[in-house]
Enquirer: 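Mind having a look at this structure? Questions to follow.
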2 protein chains.
Amino acid sequence: MFTKEEYKERVKRTKEQMAIDGIEVLLITNPSNMNYLTGYNAWSFYVHQMVVVLPDEEEPRWIGRKQDANAAKETTWLQHQHILFYNDDYIQSPILHPMDAIARVLDKMGKGNRRIGVEMENYYFTAKSLKQLERGLPNAVFLDATLLINYLRMVKSDKEITMMKKAAMIAGQAMEKAVEAIKPGRRENDAVADIYHAQISGTASFGGDYPAIVPLLPAGKRTSSPHITWSDRAYQKNDTVIVELAGCYQRYHAPLARTVNLGSPTDKVKNLAEVVVEGLNEALHAVKPGLTCEEIEEVWRKSIAKYGFLKDSRIGYSVGLSYPPDWGEHTASIRAGDKTILRPNMTFHMIPGIWFDSYGVEISETFQVTETGCAALTDFPRKLFVK
Amino acid sequence: MFTKEEYKERVKRTKEQMAIDGIEVLLITNPSNMNYLTGYNAWSFYVHQMVVVLPDEEEPRWIGRKQDANAAKETTWLQHQHILFYNDDYIQSPILHPMDAIARVLDKMGKGNRRIGVEMENYYFTAKSLKQLERGLPNAVFLDATLLINYLRMVKSDKEITMMKKAAMIAGQAMEKAVEAIKPGRRENDAVADIYHAQISGTASFGGDYPAIVPLLPAGKRTSSPHITWSDRAYQKNDTVIVELAGCYQRYHAPLARTVNLGSPTDKVKNLAEVVVEGLNEALHAVKPGLTCEEIEEVWRKSIAKYGFLKDSRIGYSVGLSYPPDWGEHTASIRAGDKTILRPNMTFHMIPGIWFDSYGVEISETFQVTETGCAALTDFPRKLFVK
C-alpha cells in the first residue's frame, strides 16, 4: 500500500519516540498501529498478535498465530525471518496463553530484562495479557506506551490524505444511498443493506473496505440513543432518522453523519438542525493551524449558546487508519481542556450531535487541516433532509 | 427479545456460579455477556461499560457512558434506577479513565473491600482497566471470572435455538449469493457487497443483524491465509475462493464456509476438498451427547490420516450470541485435549479448514447437539463448488 521508504520512516519516528520515553522494546498490539508500521492487514486481531520494535533493528518483527503467518508474508514489507508464530493450542485455551509463548520468544532474544512498552489501553491487549507477560518476564519493567504510535499517526502523509479522500467519495455515495433508501414502509435493515452495498462496492475505479463501525441509524424515539443499531421495524411517516456511517478505503476512514426527516419535521427538530448546522459551520470556519482543539470547541459552544443549547460531550476526534470497534484515533478530541495544537494534514471527524430524551440530530464532517484553514473531505449538502 | 423470566433465570444461574467461585461482586464487560444478562444491545462497546451482578440484588446494574444510558433504558429489562453513567470527559481522555468513575460508584455502594470478579481475558477489559480498578479499590481482591458467563451460555434455550435457526437461514441465503457472485472478471469487493446485502436484508419475515466477523473470502494464493480480507482485484479463471461468512439474527450467529473453484479445480484442490468433506461428515456423524470434544476431533483426525493429511489446528468451537471481533464463545474447542462433554442444545461451528502455502479448502457446518446426535442448522450442499 505504501512504499517501503514510508514504512521505514514511520519506524524511524517510532524509535525516536521510544528513546525519548526510555522504552527499549516496544510491543504493538493495536491492529491499526501494527498496520501503520508493517502494512499487516487481516481479520486476525481476535487472537493475540503483535509487532515488536527494537531500537537496533531496521525491520520490526511480527508475532502471531501460525495460520496467520502467511497473511503477514502476504501483506507486510517484512523479511520472512521476521515473521514468527505460536501454535494453535494457544488459541482460546483455558490452560495456555499466547503471551506465555511470546514471553519465551522475547526472553530468547535476550529482551527479558528490558524496559518494555505495551499498549495498556487497547482492545487487543487484555488485563490477562499483561499479567502473563509479567509472569513470563519477571525481570522486565513494563511501561504504558498506549498512544505512542497513535500520536505519530495524527499528521497524515500526502498519500494517506489521498486514501482518505477516496474513503470520503465512498462515504458520500453511501450517504446518498441512505437518504434514498430511508422511506416510510421500508424496513431499517433493508436501508442498511443498501448502505453496505454502496460502502463495499465503492467506485468503478476502486473498491470499498469494511468500516470499523457498522452504519448507525437510530429512528424515531431511538434517535436519543446514538449507538443503537438497526432493527427490522418499518420506517413510519414523521420518523426522524439519524445516519452515521463511514466510507473506508484500505482501512482509512471518512465518517459522515446526516439527519433525515420523513415528512415535515417538528419545530423542535427543525430548530435543532439549524442550530447544529450553524454551529458546525462556525466551528469549521474557525479551524486553522496553530489553534487548539479546545479553541474550536469554544466556537461551537458559543454558537449554540446563542440559542440556549448546551452539549456536554465532545464534538469530534482525530480520525484515519482503523480497525473495529472504533474509527477514532483516540488521541485528540475537540472538547474543552484538549490543548492539542492543530497542524496541517491532521484529520478530524467533527460530529456535533445533540440528543434529548425523545429526539436528536447529528450533522457532521470529516475535515483535513490545511495550511490556512480546513477542507471538508466530502461535499454533501450540510442540512436536515426532509422527504 | 427474551422474557423477563428467561433473563432472571440467567442471573440466578450466574449468582449460583458466583457463590461456587467465591465472587461477591461480578463486573461483566464482555458485550455478549452483558447482552445475555440484560438484553443490552448497542455499538457502544468501544467505550468502557459493564453490568454489575450482586448476590443480594435480583436485577443487575448497567454502568456506561452518559449518552448510551438511553440505549440501556431502551434495550434492557432493568429498572431505570439500575442504569448508571459516567460523564463524557472520561471518554478517550489522557487524564481520566472510566474505571476511576466506576471504582467510585462501587465504593459508594459499599463494595470496595469485596472479592470482585472481572473478565481478565476480554477485548473490552484492557490491562489499564484492571490497573485503574486496583488503584481505585485498594481493599478489593480481584479474581478472574473470564468465562463464567460464557460457560453458562453454552447450552442454549429453545428460544435461542430458534434464533440460531433464523441466523442459519440467512447464512444459507448469503452463501447462495456468494456462489452466484464470485465469477471471473468480477471484483472481490463487488461479491462482498452482494453478500452483505443478503446478510442484512435477511428474509421477508425477519431482518439480518451484523455478523461479528466480516465475510472472509481469500482467493487464489491468498487461500493459504484464512483471515485476509477482500481486495478490489478481479477474480481470475481457475481461482480457488474460500468463503467464510455467518448469518446473524439479533446477535445470534450461524457461520458457514464453502469453497468455490472458478473452472476445473486442480487435482490437489479436488482431492483436498474430498478429504475435508469426508472428514467433516464422519465427525458430524460421530457427535452425540456424552462424548467429549476431543473424541469428535479424533474421528476427524483419523479420517484425514487415511489420505496422509494432518491438521495442527482446532476444527471447531462453541458458537452463538456474539459481538465483534469474534463469533466464537471462547469456551469449548473441538481439538485434542478438550474434555468438554457434549450436551443437547450446545451449538458448534465445525470448520475443518486445511491450508497449504499456496492453496487451501474450507467446508463447514454449524450444528446443534440433539438428544441423539446432531443437526446441521443449514442445508447447503456440502461440496466444492465448481463454476
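As the structure is a computational prediction, the values presented were derived from the model and not from experiment.
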Enquirer: Heavy-atom distance under 4.5 Å to chain B: side chain of A:Thr29, backbone, both or neither?
Expert: neither
Enquirer: Using only heavy-atom distances, determine whether the side chains of A:Ser225 and B:Glu74 contain a donor-acceptor pair under 3.5 Å.
Expert: no
Enquirer: Between B:His227 and A:Val47, is a side-chain contact (heavy atoms from CB on, under 4.5 Å) present by the stated rule, with each step listed?
Expert: CA-CA 11 Å; B:His227 300 119; A:Val47 300; over 6 Å; no
Enquirer: Give a yes or no on whether a salt bridge exists between B:Lys66 and A:Asp312, defined as a side-chain N under 4.0 angstrom from a carboxylate O.
Expert: yes
Enquirer: Need one label for A:Asp144: side chain, backbone, both or neither, based on atoms under 4.5 Å from any heavy atom in chain B.
Expert: side chain
Enquirer: With respect to chain B, which residue among A:Ile95, A:Asn70, A:Asn41 yields the maximal number of heavy-atom pairs within a distance under 4.5 Å?
Expert: A:Asn70
Enquirer: At a heavy-atom distance under 4.5 Å, which candidate from A:Arg65, A:Gln250, A:Met120 has the highest pair count against chain B?
Expert: A:Met120
Enquirer: Sort B:Ser318 into side chain, backbone, both or neither according to what part of it lies under 4.5 angstrom from a heavy atom of chain A.
Expert: neither
Enquirer: Relative to chain B, which segment of A:Arg233 carries a heavy atom at a distance below 4.5 Å: side chain, backbone, both, or neither?
Expert: neither
Enquirer: Name the region of A:Thr223, side chain, backbone, both or neither, that has any atom closer than 4.5 Å to a heavy atom of chain B.
Expert: neither
Enquirer: Check whether B:Leu216 gets within reach of chain A through its side chain, its backbone, both or neither, counting any heavy atom under 4.5 Å.
Expert: side chain
Enquirer: Side chain, backbone, both or neither: which part of B:Asp194 has an atom under 4.5 Å from a heavy atom of chain A?
Expert: both
Enquirer: With a 4.5 angstrom heavy-atom cut-off, could you sort out which part of A:Phe356 is near chain B: side chain, backbone, both or neither?
Expert: backbone
Enquirer: Under 4.5 Å, counting heavy-atom pairs only, tell me which of A:Ala42, A:Gly207, A:Pro218, A:Ala127 racks up the most with chain B.
Expert: A:Ala127
Enquirer: Would B:Gln67 and A:Trp355 satisfy side-chain contact (heavy atoms from CB on, under 4.5 Å), going step by step from the backbone distance to the final call?
Expert: CA-CA 8 Å; B:Gln67 67 183 233; A:Trp355 308 278; 3.4 Å; yes
Enquirer: Counting distance only, does the side-chain N/O of A:Trp43 pair as donor-acceptor with the main-chain N or O of B:Pro325 below 3.5 Å?
Expert: yes
Enquirer: With a 4.5 angstrom heavy-atom cut-off, is it the side chain or the backbone of B:Arg335 that approaches chain A, or both, or neither?
Expert: side chain
Enquirer: How about A:Arg186: does its CZ atom have over 12 heavy atoms from other parts shown lying under 6.0 Å from it?
Expert: yes
Enquirer: Of the backbone (N, CA, C, O) and the side chain (C-beta and beyond), which part of A:Lys221 lies under 4.5 Å from a heavy atom of chain B, both, or neither?
Expert: side chain
Enquirer: Quick check for you: among A:Leu147, A:Leu130, A:Ile91, which has the greatest number of heavy-atom pairs under 4.5 Å with chain B?
Expert: A:Ile91
Enquirer: Check each atom of A:Ser231 against the heavy atoms of chain B and say whether the ones under 4.5 Å are side chain, backbone, both or neither.
Expert: neither
Enquirer: Would A:Trp230 and B:Asp209 count as a side-chain contact (heavy atoms from CB on, under 4.5 Å) here? Give the steps.
Expert: CA-CA 8 Å; A:Trp230 64 88; B:Asp209 203 351; 4.3 Å; yes
Enquirer: Looking only at heavy atoms, which two atoms of B:Glu121 and A:Ser129 are closest? And how far apart?
Expert: OE1-N, 4.3 Å
Enquirer: Which atoms of B:Ala198 are under 4.5 Å from chain A, going by heavy atoms: the side chain, the backbone, both sets, or neither?
Expert: neither
Enquirer: Among A:Glu119, A:His97, A:Lys73, which has the most heavy-atom pairs under 4.5 Å with chain B?
Expert: A:His97
Enquirer: Do you know which of A:Pro226, A:Pro324, A:Gly337, A:Gly328 has the most heavy-atom pairs with chain B at a distance under 4.5 angstrom?
Expert: A:Pro226
Enquirer: Using only atom types and a distance under 3.5 Å, with no angle test, would you say the side chain of B:Asp232 pairs donor to acceptor with the backbone of A:Phe206?
Expert: no
Enquirer: Measure A:Ala191 against the heavy atoms of chain B and call it side chain, backbone, both or neither at under 4.5 Å.
Expert: neither
Enquirer: Between atom OH of A:Tyr46 and atom CH2 of B:Trp327, what is the distance when rounded to the nearest 0.5 Å?
Expert: 8.5 Å
Enquirer: Between B:Gln132, B:His48, B:Gln199, which shows the greatest number of heavy-atom pairs under 4.5 Å with chain A?
Expert: B:His48
Enquirer: Name the option with the most non-hydrogen atom pairs under 4.5 Å to chain A; the candidates are B:Thr331, B:Asp326, B:Asp68.
Expert: B:Asp326
Enquirer: Got a second to check how far B:Ser201's OG is from A:Asp190's CG, nearest 0.5 Å?
Expert: 5.0 Å
Enquirer: Give, as side chain, backbone, both or neither, the part of B:Ser205 having an atom under 4.5 angstrom from any heavy atom of chain A.
Expert: backbone
Enquirer: So which atom in B:Tyr123 and which in A:Phe45 form the shortest heavy-atom distance, rounded to 0.1 Å?
Expert: CE2-O, 4.3 Å
Enquirer: Would the number of heavy atoms belonging to other residues, nucleotides or ligands and lying under 6.0 Å from NZ of A:Lys311 be above 12?
Expert: yes
Enquirer: Looking only at heavy atoms, which two atoms of A:Asn189 and B:Ile200 are closest? And how far apart?
Expert: ND2-O, 2.9 Å
Enquirer: Is there a side-chain contact (heavy atoms from CB on, under 4.5 Å) between B:Tyr210 and A:Thr229? Walk through the geometry before answering.
Expert: CA-CA 9 Å; B:Tyr210 59 90; A:Thr229 51; 3.7 Å; yes
Enquirer: Rounded to the nearest 0.5 Å, what separation is found between the OG atom of B:Ser333 and the CG atom of A:Asp88?
Expert: 8.5 Å
Enquirer: Which answer fits A:Ile228, side chain, backbone, both or neither, if we ask what part of it has an atom under 4.5 Å from a heavy atom of chain B?
Expert: both
Enquirer: Check whether any side-chain N or O of B:Arg314 sits under 3.5 Å from a backbone N or O of A:Gln92 as a donor-acceptor pair, and report yes or no.
Expert: no
Enquirer: Listed by chain and number, what are the side chain to side chain contact (heavy atoms under 4.5 Å, CB included) partners of A:Ala332, not counting sequence neighbours?
Expert: A:Met154, A:Cys293, A:Asp338, A:Thr340, A:Phe348
